[in-house]
Amino acid sequence: MITGMKTLILTGLAFAIALPVLAYDPVVANPGRAYEVISIETAPVAKQEFLGTLEEFPEMYEFTTTEVMTLRAQVWQRYQEEPLSLSFIAVRQDDRGGGVTEVARVKQNPEDWEVARDGVLGMKFMQSAVMEREIQPGTYRVEVSTPVNQGNYLLVLGTEDTSVNYFSMLGNIWVTQQHFGHWPFRMLLSSYVYYPIGILFILYGIYLTRQHRLGKQIWLTHWLKRS
């Protein structure tokens with residue numbers, strides 16, 4: 001029976017690890033001081049996520065591209081009756097001098113936020129409109145802010161999917177839920193948690209059924225021999 005249980009657990013884990021893993025690997029933005037720019041090492045062609053916290057100051061992300069690319073950006077926030085008045089703007093640093101040129105801006109009314117549930121993260125979000133612009137080679141900044149610069153957000157940059165392994169994904173889900181103030185039990189609402197648990201229950205049910213049938217067969221064989 002112990003061997004059978006081990007096989008059951010290993011099979012369940014194999015199913016869990018085999019689940020398709022989405023491209024979600026967030027970076028916790030942690031500027032050391034006010035107005036410190038958060039550097040993005042590679043231009044956000046592949047999808048990149050940043051968990052940010054506004055504390056009286058806007059947060060700025062900077063990257064450099066050496067080729068023409070499409071800049072795609074969107075801000076998410078935790079679902080609530082009165083959403084934060086989050087806005088974001090993309091600017092290009094001038095090649096000469098210290099000035100900047102606005103590329104695009106997203107600022108919307110509270111009622112315009114789109115409500116969406118993310119099954120993987122086990123959370124309900126409010127999503128901004130998508131900023132999407134073709135940009136030329138140069139250095140760019142994306143700035144996220146509110147009128148009072150308070151609150152948590154998720155900044156999503158880029159479009160091309162990458163992948164992470166299953167257990168890294170569990171850690172990413174936990175970090176995100178913590179960032180938005182959820183308790184640990186929230187992990188049970190993630191499809192990456194309840195699907196494997198469901199598979200284990202199904203396999204355990206099959207195991208118990210087989211054990212029960214095997215027990216009946218043994219009892220019947222023993223009874224026939226005594227008769």
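Hydrophobic side-chain contacts under 4.5 Å tie I89 into a cluster, directly or through other members, with V91, V100.
Taking CG from D112 and NZ from K107, the interatomic distance works out to 13.0 Å, rounded to the nearest 0.5 Å. One distance of note links CZ of R186 with CH2 of W174; it measures 12.5 Å at 0.5 Å rounding. For the atom pair R133 CZ and Y140 OH, the distance stands at 12.5 Å (nearest 0.5 Å). With rounding to the nearest 0.5 Å, the separation of CE in M126 from CG in L84 is 9.5 Å. Once rounded to the nearest 0.5 Å, the distance linking OG1 of T159 with CD of E132 reads 7.5 Å. If you take CD on Q48 and CG on L157, they are separated by 6.5 Å, rounding to the nearest 0.5 Å.
Inter-residue side-chain proximity for V106 and S87 is flagged as unmet; no heavy-atom pair is nearer than 4.5 Å. Within the 4.5 Å cutoff, the side chain of P110 has no heavy atoms near those of the E82 side chain. Side-chain atoms of E49 and V156, non-hydrogen and from C-beta on, do get closer than 4.5 Å to each other.
In this view, R141 and E62 satisfy the salt bridge (charged side-chain N to carboxylate O under 4.0 Å, His left out) rule, not counting sequence neighbours. In terms of the ring-ring contact (aromatic ring centres under 6.0 Å, His included) criterion, Y153 has no residue partners (sequence neighbours excluded). With sequence neighbours left out, T66 forms a side chain to side chain donor-acceptor pair (under 3.5 Å) with no residue at all. With sequence neighbours left out, T53 forms a side chain to side chain contact (heavy atoms under 4.5 Å, CB included) with E55, N152, H179. The salt bridge (charged side-chain N to carboxylate O under 4.0 Å, His left out) check on R92 picks up D95, with sequence neighbours excluded. For E102, the salt bridge (charged side-chain N to carboxylate O under 4.0 Å, His left out) partners two or more places apart in sequence, or in a different chain, are R105. Every residue meeting the side chain to side chain contact (heavy atoms under 4.5 Å, CB included) condition with A34, not counting sequence neighbours, appears here in chain and number order: F57. Residues satisfying the side chain to side chain donor-acceptor pair (under 3.5 Å) criterion with N30, sequence neighbours excluded, are absent altogether. Partners of A90 according to the side chain to side chain contact (heavy atoms under 4.5 Å, CB included) rule, which considers only residues two or more places apart in sequence or in another chain, are L71, V103, M131, V142.
Annotation: ring pair (Phe, Tyr, Trp, His ring centres under 6.0 Å) contacts involving residues 67-115, sequence neighbours excluded, comprise W76-F125. For the salt bridge (charged side-chain N to carboxylate O under 4.0 Å, His left out) condition, the pairs that include at least one residue of residues 28-42, sequence neighbours left out, are R33-E36.
In the hydrophobic clustering of ILVMFWY residues, with side-chain heavy atoms under 4.5 Å counting as a link, L121 and L51 come out together. V144 and F63 fall within a single hydrophobic cluster, where Ile, Leu, Val, Met, Phe, Trp and Tyr are joined by side-chain heavy atoms under 4.5 Å apart, directly or via other members. Two different hydrophobic clusters hold V115 and F180 under the rule that ILVMFWY side chains link at heavy-atom gaps under 4.5 Å. Side-chain heavy atoms closer than 4.5 Å link hydrophobic residues (I, L, V, M, F, W, Y) into clusters, and following such links, possibly through other members, connects V175 to F167.
A donor atom on one side chain and an acceptor atom on the other are not found under 3.5 Å apart for S168 and D25. No side-chain donor from either of E111 and Q108 sits under 3.5 Å from a side-chain acceptor of the other. Between the side chains of T64 and T139, a donor-acceptor pair is found at a separation under 3.5 Å.
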